[in-house]
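This report concerns only the one structure given below.
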Amino acid sequence: MNMKLNKNACATAVALALLGGAGASWAQTPAQTAAQTPASQPWMDRSLPAEQRAALVLKEMTDDEKINLLFGYFPNDFKGIKRQEAGRKQAAGYFKGIPRLGIPELHQADAGIGVASQPGPDVRERTALPSGMATAATWNPALAYQGGAMIGAEARASGFNILLAGGVNLAREPRNGRNFEYGGEDPWLAAQMVGAQIRGIQSNHIVSTIKHFAANDQETGRNHLDARLGDQAARTSDLLAFQFAIENASPGAVMCGYNRYNGDYACENDYLLNQVLKRDWGYKGWVMSDWGGTHSTVPAANRGLDQQSGWPFDHSAYFNEALKEAVENGHVPRARFDDMAKRVLWALFDKGVIDHPVAEGGAIDYAAHAKVSQADAEEGIVLLKNSKQLLPLAPGLKSIAIIGSHANVGVLSGGGSSQVYPAGGMAVPGLGPKEFPGPMVYFPSSPMKSIAARSKAQLRYADGSDVAAAAQLAASSELVIVFANQWTAEALDASLTLPDRQDALIAAVAKANPNTVVVLESGGPVLMPWLDQVGAVVEAWYPGTAGGEAIARVLSGEVDASGRLPLTFPASLEQLPRPKLDGEGLPKDSRFTVNYHEGAAVGYKWFDLKGHKPLFPFGHGLSYGSVAYSGLAARADGGKLTVTFKVSNDGQRTVKDVPQVYVSPANAAKWEAPKRLAAFEKVELKPGESRTVSLSVDPRLLAVFDTADKRWKIGAGDYRVQLAKSAADIRHTVSVRLPARSLDVRGK
Ligand code: BGC
């Protein structure tokens, strides 16, 4: 594991200190030494490598016991089948374990932003981080790590040892209803952020997944659509995000997606599972199916699926008796059956699940965890526009109108299996669909109250349902803050147009008072037909448990605005590779193809390639301060590219900035797009402070993947190295000559 913590995030230090107590219970478990290990259970000797421990216990297991590790239950009443009583309530999954051999039951919860709960009578209330997209917008892996550590601590205290987290699907499709769970559109950024979160989770001695492998990039038709993507393009985009994140974090399990991938279902896809993941990348953990993503016994097992999840989501109990029978009659080789079980065991030993058992009912320090969430939210909020300098809010303001989105009581969250239910209940019950992926949950953290606590102005609220009343309130106030929302959720794709006629509301309010600030709570990008009419726009995403407080701190300027976009905001649908979403309007469960003809030119790369001017570019985000870059230099030592530059705060306030390094060959025609993000760093600087930053570039980001001989190849020649504020705001460029290099499929 290479844990690269940001050196200067002081919020990080505070929050890590807060977390100190949270995961402590396992740390006190007495280590079982060789001397204490019962002779009958040599695999319990912690001094042995995980590989050996897995092999030792596997030898003792009957076929039925192996099945206990390979066949999972959805432990709730479902499809007329009663819940598995031994599973945790409102959990996502349960495995029986093998008590006689000391292999614990496995309890699974979704955990993209916190310990999630299936809807129902006994929802589990826990701390929620901001959405994955918001965390990605911090560009601060240390925050992602501590968020993961927080989730892991709450999971241990809730009796979960397998967390369904680590969503790293690229935002190839800005309308994807699950983009809020993921890490944006760039493979390097997404992998750094999601990888850090996985490391944080697993620091609690539990397993985290990474998901959904692979190209599970839209929700429309997700169960059957066939994502078409060539090998070279995939290795440089969707697959590269997984490869970087797996190297970064070593997740114990990979969850294969619902979709088909170049023909076969992802969960029975020899190319994805056997060739790329297990052979090329040498992945040692296990592959679990998404819930309802297993489609067969023999093909699935032989093509690399190790575990069926969430029975009865699938049509058949493929990995129960049917798998045993397939092994007995030789359709699934016994060696493969053993490999399936051994992979699960390896990960359980390697991540500490067996040595540090979890238990339900542990104490949770919600106040401390809310601070972790808040620190994350604050750095993820992106100041998109501030042309009239309405922000930070002027201390002398006399009256502020707060309009829309239940901003008087709470903040929105994204829907579906990752839904975390807030401690203290929902701020606005009864919203959204009655069935999955509902309900629509507002966390009880009121932006209005938090703004009021920081302002002497009189605050008045209008819910926005009456446009004329809202405009009137706006006209009679010195400044207006309109909260606009876009609820996105699993199983649904989004429209980039704000729902519920909010565009008209914003336009009317801004007409009544041009001193209008728009705060967006959205899963991803939205179109802004009113952009020229408003003075400021803030993207707050789904800001989590303490979102109201985080928004108020950014609006008031108590903290700098330091989020940067992890994905492009398009100016129109016509700019996208697919102006019309494939499968839109087709009956559910239709089979259709999504041809990812843009290849690896995802997001800003596509916009660069086509010369489209986005509404807001990837990497964009304003600060309240002023930061200058200088001294850009690039060195190629032994072919390894290192980039050095100076970042200086020449303003009056403490700032956080994200210098971004983009690279491209002089002859960019050989690449999928004119440039790639190669490195970044979040830097905090006091007034007058400067810092020299030195970043090294992963060679794969300079290479083209050669599909025929499976090697990364860097062509000899001159490369441009650009230091930028965003993908569209390049500040300095230098050139560096690189020798030809060829690296193996793992980038070595
Ligand atoms: C989602 C997964 C999730 C699983 C279990 C599925 O619907 O696609 O991300 O982990 O359910 O809740």
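Index from 1, following the sequence. Remember, it's 1-based here, ligands and their atoms both numbered in the order they're listed.
- Using a 3.5 Å distance cut-off with no hydrogens or angles, the side chains of Lys351 and Ser208 do not pair a donor with an acceptor.
- Listed by chain and residue number, nothing satisfies the ring-ring contact (aromatic ring centres under 6.0 Å, His included) test with Tyr318 (two or more places apart in sequence, or in another chain).
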Contact table ligand 1 N or O to protein N or O, d under 3.5 Å:
residue, atom, partner, partner atom, Å
ligand 1, 7 (O), Tyr258, OH, 2.9
ligand 1, 7 (O), Glu490, OE2, 2.6
ligand 1, 8 (O), Arg178, NH1, 2.7
ligand 1, 8 (O), Asp290, OD1, 3.3
ligand 1, 8 (O), Asp290, OD2, 2.6
ligand 1, 8 (O), Glu490, OE2, 3.4
ligand 1, 9 (O), Arg178, NH2, 2.8
ligand 1, 9 (O), Lys211, NZ, 3.0
ligand 1, 9 (O), His212, NE2, 2.7
ligand 1, 10 (O), Asp110, OD1, 2.6
ligand 1, 10 (O), Lys211, NZ, 3.2
ligand 1, 12 (O), Asp110, OD2, 2.4

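- The pair Arg222-Asp589 fails the salt-bridge criterion, with no side-chain N (NZ, NE, NH1 or NH2) lying under 4.0 Å from an Asp/Glu carboxylate O.
- At a cut-off of 3.5 Å, with distance as the only test, a side-chain donor of Asp231 or Tyr271 sits close to an acceptor on the other residue.
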Side-chain polar contacts of residues 120-127 - donor-acceptor pairs under 3.5 angstrom, sequence neighbours left out - could you list them?
residue, atom, partner, partner atom, Å
Arg124, NH1, Lys89, O, 3.2
Arg124, NH2, Lys89, O, 2.5
Glu125, OE1, Gly424, N, 3.3
Arg126, NE, Ser158, OG, 3.0
Arg126, NH1, Tyr366, OH, 3.1
Arg126, NH2, Ser158, OG, 3.2
Thr127, OG1, Glu154, OE2, 2.5

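- Taking the ring-ring contact (aromatic ring centres under 6.0 Å, His included) definition, one finds that Phe160 meets it with nothing, sequence neighbours left out.
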